[in-house]
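Reading through the structure tokens given below for one structure.
In what follows, chains are A, B, ... by sequence order, proteins preceding strands, each numbered from 1.
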Number of protein chains: 2
Amino acid sequence: MRLQLTRNQQKVLDYLKQEIKENKISPSLRTAAAELAISHAAVAQTFKALEDKGYIRREGRYSRTLHILDDVGDLHIAQRQKQIPVIGRITAGLPMYARQEWEGSLLVDAKIYPGQNLFALKIQGNSMKNAGILDQDLAICEPRQYAHNKEIVVALIHHEEATVKRFFLHPDFIELRPENPDFRSQQYEFDEILIQGKVIGIVRGPKGLEI
Amino acid sequence: MRLQLTRNQQKVLDYLKQEIKENKISPSLRTAAAELAISHAAVAQTFKALEDKGYIRREGRYSRTLHILDDVGDLHIAQRQKQIPVIGRITAGLPMYARQEWEGSLLVDAKIYPGQNLFALKIQGNSMKNAGILDQDLAICEPRQYAHNKEIVVALIHHEEATVKRFFLHPDFIELRPENPDFRSQQYEFDEILIQGKVIGIVRGPKGLEI
DNA sequence: GACAAATGTCAATATGAATGTAAATGTTTT
DNA sequence: AAAACATTTACATTCATATTGACATTTGTC
């Protein structure tokens, strides 16, 4: 069990939790100082005490990032939730994030999926079966306009059709390779393909596991 | 919730919205620079900041198309977050929540994974590869002491070894079938097997997708 | 297709404001 | 007396902003 907090430390910790919940980011020392009606150095000292007692963790020197810890030493839930849009249809010309294209949003664990502006895409078909990606899975993607060899990417073919495949760059063409012997690898000219993102995770719900 | 904008970034975003509304297309860097009375590179930097914070999205490299993004909209997240324990080792006695067996916790979307007392289990090995379950995946499980045919279950063999396999009940034995030709299906007496749960989902992080 | 103009990108650099750190010191609480 | 709490001041670092100039790419026009 952790050391107990003094009344003042508890007050500051509560304030911090509140602020982080609202703004997703910890307030600056001076902002906190103003709201708590004390000096910024006093806040710094209390933060230090909280860190020593294992209630928060701060990163690096001069860094403004601060995490609130669980009693197990884990990140507090408030900082782990990440809401990402589930994109229904990927298009080039049209705004990909326009609300019309949304199929809702998905809540994921920020501890597992780092990165910003992630989006999710519902997989159609079984062309990536052997990579463990099945029909109806949700692919968690990180926006990217480029790709490295062997990465699994979200690509837009002919500015129209969106697909998830493994990416290979050859001297004079791009190969999008499925992971399923029933499908053929396809080759494209450079101007036929637009990379939209890299797949960094998979979420499969109960429906994907039905018999 | 997106990160807050600075006053300058807000000003540029407002200007952008205005321009796009009027001309249906975003202004060039130098046009914007002229109207905002700063250099074109400064505009580019602010655009980049806006993109990082998730307020706009720009397509491709050297493309002039830019989209204003909607907010993900934060309603009812509170009810959707579900924190479930990641079990390190499954034991028979069923004090599954005993502290020593913890490997942390996982935040999932309650909308996708309904049910109570769910737990997660880290998959070891590739015996279920053809069912789209890979090594190091996190299997989301619902506690259960029974199973139906063809369901993928968490079973305890000889009160010791925990395994994830497809379940088949035969007249005088239980079959636990892997989904990988490299592994053999196994048969057990009824008293050798204890069903501990049913797999209702899969969560795979970036590590599970590395090359 | 060729060429020039317009446009986006990148790197290096600079500056002021905001911010975190540290030290010295005093006050209150326990 | 010791710990917690607080202040003031000086300093170091980071961030947002901005500039300039060279360069790559796209677009429009002939």
A:I133 vs B:R204, test: side chain to side chain contact (heavy atoms under 4.5 Å, CB included). Steps then yes/no.
CA-CA 10 Å; A:I133 303 179; B:R204 181 179 309 148; 4.1 Å; yes
Output the distance between atom NZ (B:K82) and atom CG (B:L106), rounded to the nearest 0.5 Å.
12.0 Å
Give one of base, sugar-phosphate or nothing for A:S28, where a contact means two heavy atoms less than 4.0 Å apart.
sugar-phosphate
First encountered from the 5' end of DNA chain C, between A:T31 and A:K48:
A:T31
In whole angstrom, what separates B:L36's CG from D:dA18's P?
9 Å
Of the nucleotides C:dT19, D:dT19, C:dT7, which one has an atom closest to the side chain of A:R30?
C:dT19
The nucleotide from D:dT19, C:dT7, D:dG21 with an atom nearest the side chain of B:H40 is D:dG21
If you only use heavy atoms from C-beta on, which nucleotide in D:dA16, D:dA10, C:dT9 is closest to the side chain of B:R58?
C:dT9
What does B:A44 touch in the nucleic acid at a heavy-atom separation under 4.0 angstrom: a base, only the sugar-phosphate, or nothing?
nothing
Atom pair CD1/CG of A:I112 and B:L138 - distance to nearest 0.5 Å
5.5 Å
By nearest-heavy-atom nucleotide on DNA chain D, the more 5' of A:I38 and A:K53 is A:K53
What integer distance in Å separates A:F47:CZ from C:dA22:P?
15 Å
When you measure from the side-chain N and O atoms of B:T46 to the phosphate of D:dA16, is any distance below 4.0 Å, counting only OP1 and OP2?
no
Are any side-chain N or O atoms of A:N130 and backbone N or O atoms of A:N180, one a donor and one an acceptor, separated by less than 3.5 Å?
no
Main-chain N/O of B:P27 paired with B:T31 side-chain donor or acceptor, under 3.5 Å:
no
Check the interface with nucleotides 26-30 of chain C: list each N/O to N/O pair with the protein under 3.5 Å, or write none.
none

Is it the case that the base of C:dG20 and the side chain of A:R64 share a donor-acceptor contact (distance under 3.5 Å, atom types as modelled)?
no
Classify the side chain of B:Q45 and the base of D:dT19 as holding, or not holding, a donor-acceptor pair under 3.5 Å.
yes
Rounded distance in Å - CG (A:L3) to C1' (D:dA3):
13 Å
Distance col, row B:D52:CG vs B:L3:CG, nearest 0.5 angstrom, shows 10.0 Å
Before accepting this row, confirm whether a basic side-chain N of the pair A:D182/A:K129 lies closer than 4.0 Å to the acidic partner's carboxylate O.
no
Taking the minimum atom-to-atom distance to the side chain of A:A41, which one of D:dT17, D:dT14, C:dA23 wins?
C:dA23
Rounded to whole Å, CD of A:Q145 lies from P of C:dT9 at a distance of 10 Å
Just how far is it from atom CZ of B:R166 to atom CE of B:M128, taken to the nearest 0.5 Å?
5.5 Å
Taking only side-chain nitrogens and oxygens of A:T6, does any of them come within less than 4.0 Å of OP1 or OP2 of D:dC5?
yes
Taking only side-chain N and O atoms of A:N8, does any of them lie within less than 4.0 angstrom of OP1 or OP2 on D:dA4?
no
Under the side-chain hydrogen bond (donor to acceptor under 3.5 Å, both in side chains) rule, what do A:D14 and A:Q10 come out as? Steps first, then yes or no, please.
CA-CA 6 Å; A:D14 287 344; A:Q10 185 62 54; 3.0 Å; yes
Rounded distance (Å) that lies between atom P of D:dC5 and atom CD of A:Q10
12 Å
Starting from P on D:dC15, measure out to CG on B:L5 and report it in whole angstrom.
17 Å
Atom-to-atom span, CG of B:L66 to P of C:dT7 - whole angstrom
15 Å
Can you tell me if A:R61 touches the phosphate of C:dT19, counting only side-chain N or O atoms and a distance under 4.0 Å to OP1 or OP2?
no
Sugar-phosphate, base or nothing in reach of B:L29, heavy atoms under 4.0 Å
base
Among D:dA18, D:dC5, D:dT26, the one nearest any side-chain atom of B:Y62 is D:dT26
For the pair made of CG in A:L13 and P in D:dC5, what is the distance, rounded to whole Å?
13 Å
